[in-house]
Amino acid sequence: MRLFRCDNCGNAVYFENRSCVSCGFRLAFVPEALAVHTVQLDADGKRWRRLDQQQFVYRFCANEKWDLCNWMVPAESQEDYCVACRHNGLVPDPATENGLRRWRRIADAQRLLFYSFLRWDLPRPTRAEDPEGGLLFDLKDDEILPDGSCQPVLIGHDEGHIVIRTAEADDPTREQQRAMMNEPYRTLLGHFRHECGHFIWNRMVRDAGKLDSFRAVFGDERADYGEALDKHYKEGPPPLWGETFISYYATTHPWEDFAECFAHVLHIVDSLETAHIYGIALAPPSHSELRAHAAFDPYTILDFDQIAEVWIPLSVALNSIHHSMGERDLYPFILTPAIQAKLKYVHGLLTRQV
Ligand SMILES: [Zn+2]
Ligand SMILES: [Zn+2]
Ligand SMILES: [Zn+2]
């Protein structure tokens, strides 16, 4: 993620900011510009103008009324919602305290997801544009059964239809789930990125005629998915799975392996962009093997090896910093050469090289 500047006073401002802490001017993310800009309400009391480029006129996304979204829609657009929110189907009830709190956390993750989609211009049709396979998010509450017990929502993907469990916006619930599944990492953003990995597979592998190159890297996805899942939960992962799979879950089936790798390419590239924008460089005097400098914008880099070369030492350093704060690893994954080859394939696909 980038850093931005207030167009009024020049203060540093961030992706999530609603107003400048220094001058108080209103801020908004303008998807077309891929940037946060300072905006000013027009005399009509409805439209907003960019302070730096007065000819650009916008409305806020309709979810702004709940302070759920700070993204803009061009004033002339027919759409009520921004490019991220217009993919929502079911949403939590914003009139309830729980619903609004959860939805805000989910919306924060959703906009980070869309930032990467916009940077690479990844396919993102809505259901209106593609009723069969467009991208649709149902943010679902757990069901309370007649006997009072709770039926947790299953997170998942089916032909562009993605279900996100709103209860996981609550830290205790998500942490409990993480521990139960024995996962090293579990976040809302991770869910969004993983589930969208399945959608991207449909669009950029299956529908794009790239099954042969996919199978050469990830194996044959025609293996029965239900059986694979059963086997996974009964027998556990294959021995030495960490050599070739980024996560335990990735061992289940080539589809899951791809979705996990897609999520990781987004984790890595977006985190590295942040390191780049801050000019972060590592130069431990006695460990030259851990030297690294994020000297490039990773969203524009075509060679994934270059990205991995910086990301690996950077993630080691970030993990060490987390340990110093008594926290677990920030990035609890090991990128072996075999795993890097899979990430490289996914990255090649996103940058239209495959
Ligand atoms: Zn300012
Ligand atoms: Zn929005
Ligand atoms: Zn999956």
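Every heavy atom of this structure was used, including side-chain atoms; hydrogens, water molecules and symmetry mates were not. Just so you know, ligand 1 is whichever comes first in the structure, and atom 1 is the first atom listed for that ligand.
- In this structure, H232 and Y248 have tilted ring planes: the angle between them lies in the 30° to 60° band.
- Checking Y331 against H264 by side-chain atom types alone, a donor-acceptor pair falls below 3.5 Å.
- Taking the centre and axis of the six-membered ring of Y185, the NZ or CZ atom of R328 falls outside the cone set by 45° and 6.0 Å.
- The distance between the ring centers of Y14 and F4 does not fall below 6.0 angstrom.
- Rounding to 10 degrees, one finds that the Zn ion (ligand 2) sits at the corner of an angle of 110° between C85 SG and C69 SG.
- Between C23 atom SG and C20 atom SG, the angle centred on the Zn ion (ligand 1) amounts to 110° (nearest 10°).
- The Zn ion (ligand 2) forms the vertex of an angle spanning SG of C61 and SG of C82; to the nearest 10 degrees it equals 110°.
- No side-chain N or O of Y115 forms a donor-acceptor pair with one of Q110 less than 3.5 Å apart.
- For H198, the N, O or S atom closest to the Zn ion (ligand 3) goes by the atom name NE2.
- Within E256, the N, O or S atom lying nearest to the Zn ion (ligand 3) carries the name OE1.
- H157 lies apart from the Zn ion (ligand 3) in this respect, since none of its N, O or S atoms is found at a distance under 2.8 Å.
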